[in-house]
Number of protein chains: 2
Amino acid sequence: MVCMDIPHPIPEPLVGLIAQRFRVIGDPMRIRLLDTLRNHPATVGELVDAVGGSQQNVSKHLGVLHQAGIVSRTKEGTAVRYAIADASVFALCELVCGGIRQQAKDLDAILQATGTGR
Amino acid sequence: MVCMDIPHPIPEPLVGLIAQRFRVIGDPMRIRLLDTLRNHPATVGELVDAVGGSQQNVSKHLGVLHQAGIVSRTKEGTAVRYAIADASVFALCELVCGGIRQQAKDLDAILQATGTGR
DNA sequence: TCGGTGCACCACTCCTCGGTAGTACAATGG
DNA sequence: CCATTGTACTACCGAGGAGTGGTGCACCGA
């Protein structure tokens, strides 16, 4: 409803861009980073301590998110502070969660109908 | 805003599920298939003719989408008709398109400010 | 029986992910 | 002023998974 002007034959380059965007978000480590940044901006060290993993790996994932324009980077002396730049990712996550919940509900209904005993 | 009951420390299994969901959608071929199915349900043959690619590949991608609960499968005589089962994917695409558009706008503004002549 | 449609298995290729090593920059102490 | 420390980024490498194409098979209708 926000931008309904997407023609049904989606132009090819746009397809690639959309796929890339989904791929960027479709990583557990990056989702954890975004979830941590949701509360407040944080430096790389803080994020390493929050989500676990090596500093290089976290830095790399942050670079991916920054290149995709999802997070912003700000130098603070010797540290770098990252913050959410595109809050729409949380709306995306909530939509996905809704889909997962619906799917779980359907699955549960099927189990109930089939009979819980196997 | 739909399901705000996602705690900030997202439980680990949910992170994996969300990432998997995004990954399923984050493929150009599957996006094309979903875009084709947006108009009306179609059989594998029709989809092969619409999006291009081998029949096996299309069938496999449809299997992935079906397993993820995004499309539904209905036997119709000798053919199988696929249809959208979770319309929220289009909302996802529109959100992503909005983010891409915003990013392009920002980039254009930067170019305008810096001076077009590099 | 024959033709068509869709699926399952297989091997190949490519991309992504994580780890390691090395480098640049700022702050601090002598 | 120079050396040291801490922080963050980049480059390279190996392992693993996902995507792609090919072959063969099962199913359904004519």
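Letters A, B, ... mirror the listed sequences (proteins, then strands); counts begin at 1. Values below: all heavy atoms of this structure, side chains included; hydrogens, waters and symmetry mates excluded.
Nearest to the side-chain atoms of B/His61 among the listed nucleotides D/dT20, D/dT10, C/dC7 stands D/dT20. Closest to the side chain of B/Val80, out of C/dG6, D/dC9, D/dG21, is C/dG6. With D/dC9, C/dC7, D/dG21 as the choices, the nucleotide that has an atom nearest any side-chain atom of B/Ser54 turns out to be D/dG21. Of the candidates C/dG6, C/dC17, C/dA26, C/dA26 carries the atom nearest the A/Lys75 side chain, counting heavy atoms from C-beta on. The side chain of A/Asp27 lies closest to C/dC17, out of C/dC17, C/dG4, C/dG6. Distances were taken from every side-chain heavy atom of A/Asn57 (C-beta onward) to each of C/dC7, C/dG6, C/dG18; the shortest belongs to C/dG18.
Counting to the nearest Å, the P atom of C/dC17 and the CD1 atom of A/Ile25 are 13 Å from each other. Protein atom CG of A/Asp49 is 16 Å distant from nucleotide atom C1' of D/dA8, rounded to whole Å. Rounding to whole angstrom units, CD1 of residue B/Ile31 and C1' of D/dG19 are separated by 15 Å. Look at CZ on B/Arg23: it is 15 Å from P on C/dC15, rounded to the nearest Å. Atom CZ in A/Arg81 sits roughly 18 Å away from atom P in C/dA26 (whole-Å rounding). Between A/Tyr82 atom OH and D/dA8 atom C1' there is a gap of 8 Å when expressed in whole angstrom units. Across the protein-nucleic acid pair, B/Leu62 atom CG and D/dG19 atom C1' stand 15 Å apart, rounded to whole Å. If you take CZ of B/Phe22 and C1' of D/dA18, they are 19 Å apart, rounded to a whole angstrom.
Within the 4.0 Å cut-off from OP1 or OP2 of D/dG19, at least one side-chain nitrogen or oxygen of B/Arg30 is found. A sub-4.0 Å separation between OP1 or OP2 of D/dA8 and a side-chain N or O of A/Ser59 is absent.
Nearest-nucleotide mapping onto DNA chain C: of A/Gly53 and A/Thr78, the residue sitting toward the 5' end is A/Gly53.
More than 12 heavy atoms of other residues, nucleotides or ligands shown are found within 6.0 angstrom of CD on B/Glu12. Environment of CG in B/Asp106: crowded, with over 12 heavy atoms of neighbouring residues, nucleotides or ligands closer than 6.0 Å. Atom CG of A/Asp49 has 12 or fewer neighbouring heavy atoms from other residues, nucleotides or ligands inside a 6.0 Å radius.
Interface remark: the A/Lys60 side chain does form a donor-acceptor pair with the C/dG19 base, using a distance-only criterion of under 3.5 Å. Under 3.5 Å, the side chain of B/Gln56 and the base of D/dT23 form at least one donor-acceptor pair of N or O atoms.
Inter-residue side-chain proximity for B/Tyr82 and B/Leu33 is flagged as unmet; no heavy-atom pair is nearer than 4.5 Å.
For the pair B/Arg30 (side chain) and B/Val24 (backbone), a donor-acceptor distance under 3.5 Å is present.
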